Amino acid sequence: MAQDSQQIAQLLFPNITVDIQQILLASQPRELAEGAEVTRYAPSPTGFLHIGGVYAAMISERIAHQSGGVFILRIEDTDKQREIADGVKILAAGLGKFGIVPDEGVLPDMTEVGAYGPYIQSERLPLYHAFLKDLVARGFAYPCFCASEELEATRETQELQKIKTGYYGRFAKHRDITAAEVEERIARGEKFVVRVKSQGADGQKFAFKDLVKGGLTLSSNDQDSILLKSDGFPTYHWAHCVDDKLMQTTKVIRGDEWLSSAPLHVELFTLMGWQHPEYAHIAPIVKIDETGSKRKLSKRKDPEANVEFYFSEGYPIKAVTEYLMNLANSSFEDWRRENPTKSHTDFVIRLEKINVSGALFDFVKLGDISKEVIAAMTAAEVFDAVCLWGEEHDKELVEWLRANAIYAQAVFGIERGGEKHRKDIAKWSDVRDTIAYFMTDDINFIRPEKVDAETAGHILDAAIGAVSESDTPDMWLAKLKGIAVSHGFAQDTKTFKADPTQFKGNLGDVAMVLRLALTGRTNTPDLHQMIQVLGVERARARFARAKASL
Ligand code: GLU
């Protein structure tokens, strides 16, 4: 039999002469400090960077770098049917925007670095073949010539008999194929795949330690899974085993759709005589759909699954990063509150603290975090960021901003930098609406119901006379109170509440008339700051127009 296995290996891989010991020796041990982790993000270049991919990549990157280790970006392009042009670029450049830049693998500028490459799987075929040749030679893998109809027929039989489906045990037809038969079939030009000869048995249990999910009892693998496809490309299972061995990955952090394959992966490492890496299976980002049930963010149904969505809506990268950090470890939020100015990279991510059942995507929360991030920026930073975003997404806005740069920065400066931070911008696509009344004098004034037309007219007239360039906030407040009192309004809520029958309303009602006249809105920044930024003349003109419309 051993003789047969070696012959089969030679028949399958006649051109592979490289000695795997040499390959293993060439993979020099990494000189890393104790506790330093080697992690990788290993996406397929499907032309789409999923927000869940950024989440997984960020966790991998953090686990590596926070431990002083190495983070790898490996491209898993073994499924030629799913590949699209520019797929790698979309991944590498997209991650780069989030500051997720690997130490090894493909960089955002598409160059490849690192001594353990190539890092693109389609360039590693000889390696997969060499190790597989060894596995076949040792009798732990074999070629399978079954046609898909045959496999289908086996499946139907299994389903009829209500037993486990798949290619295993007595159903693994070519498990004990002889070298003679292999030779004959290959000579006839028959196509084959290579399968592992699993040593597991049905019903066996397998104790598995997952770094996120904890200790688990899984079923052992007993399937003779495909390791090499008939096109000569490895399956994920085999590529993972060879690559993570040669790249010396210490922690495989990946989506939990792979959890059920973990027993197979551990078996592959064992059959190769290698120690397997530790595994951390992370749950996907989920949302509550229209029917109220949880589901994965879907590439097809949810625009927010694609990172392009965040770029085009204009969420600052920092906000999305902060949000993802929060999703990964909910204690990030408290840490951030205590350390408002530190980089998110100062926070230590803990795998065992990651949500095991699926992190729920919450737009309100993302918006809140984003508002905080934007509120902490200076007016000049906001100006630059809006221009940068607008170059691609709102050229007209950029033109206006550039033509009115000083004024626009003053607008962004309202309630910024002082004690009160205005949190009214969650994303750059909000800006147009947020500053609309600074861009046009065409204000639609609607008199607040509480104030009759005649009184509103008087208030507006008084304001026209009162506003001045030299007003300090206190001076303006005093003037406003004066206008209120002389028109029958209380100068503050407390006075009003003490005896409401004495007044037409309070200071807030007077301010509301002016606010609506200036902006057409009920919720705006501070009146005084708005008047100063608009300029007294423009403010007067708006008051006058509002009065005329009464
Ligand atoms: N290419 C695999 C995927 O896209 C990678 C899984 C892993 O990280 O090992 O899911």
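Because the structure is predicted, anything quoted here is derived from the model rather than measured. Any value given below was found using the heavy atoms of this structure, including those in side chains, with hydrogens, waters and symmetry copies removed. Whatever order the structure lists ligands and atoms in, that order sets their numbers, starting from 1.
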Novice: Identify, with sequence neighbours excluded, every residue that meets side-chain contact (heavy atoms from CB on, under 4.5 Å) alongside Thr157.
Specialist: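 If we apply the side-chain contact (heavy atoms from CB on, under 4.5 Å) test to Thr157, skipping adjacent residues, the hits are Gln161.
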Novice: Out of Tyr236, Tyr279, Trp258, who gets a non-hydrogen atom closest to atom 9 (O) of ligand 1?
Specialist: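 Looking at heavy atoms only, the winner is Tyr236.
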Novice: Within a distance under 4.0 Å of any heavy atom of Glu76, pick out the atoms of ligand 1 and give their elements.
Specialist: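 Once the distances to Glu76 are compared, the set is 1 (N), 2 (C), 5 (C).
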Novice: Taking the cut-offs as 6.0 angstrom to the six-membered ring centre and 45 degrees off its axis, would you call Arg30 and Tyr116 a cation-pi pair?
Specialist: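 The answer is yes, since Arg30 meets both limits relative to Tyr116.
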Novice: Classify the side-chain pair Glu61/Thr39 by whether it contains a donor and acceptor separated by less than 3.5 Å.
Specialist: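 There is no such pair between these side chains.
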Novice: Looking at residues at least two apart in the chain, or sitting in another chain, which of them share a side-chain contact (heavy atoms from CB on, under 4.5 Å) with Thr250?
Specialist: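 Only Glu37, Val38 meet the side-chain contact (heavy atoms from CB on, under 4.5 Å) criterion with Thr250.
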Novice: Just which atoms of ligand 1 are under 4.0 Å from any heavy atom in Ser44?
Specialist: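 Going through ligand 1 atom by atom, the ones under 4.0 Å from Ser44 are 1 (N), 4 (O).
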Novice: Check whether any N or O atom of Pro43, backbone or side chain, sits under 3.5 Å from an N or O atom of ligand 1, and answer yes or no.
Specialist: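 No, no N or O pair falls under 3.5 Å.
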Novice: One residue to check: His240. Relative to ligand 1, which of side chain, backbone, both or neither has a non-hydrogen atom less than 4.0 Å away?
Specialist: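 None of His240 does.
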Novice: Could Arg124 and Asp77 be called an ion pair, given the rule that one side-chain N must be under 4.0 Å from one carboxylate O?
Specialist: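 Between Asp77 and Arg124 there is no salt bridge, as every charged N stays at least 4.0 Å from the carboxylate O atoms.
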Novice: Does an N or O anywhere in Arg40 fall below 3.5 Å from an N or O of ligand 1?
Specialist: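 Between Arg40 and ligand 1, an N or O pair is found under 3.5 Å apart.
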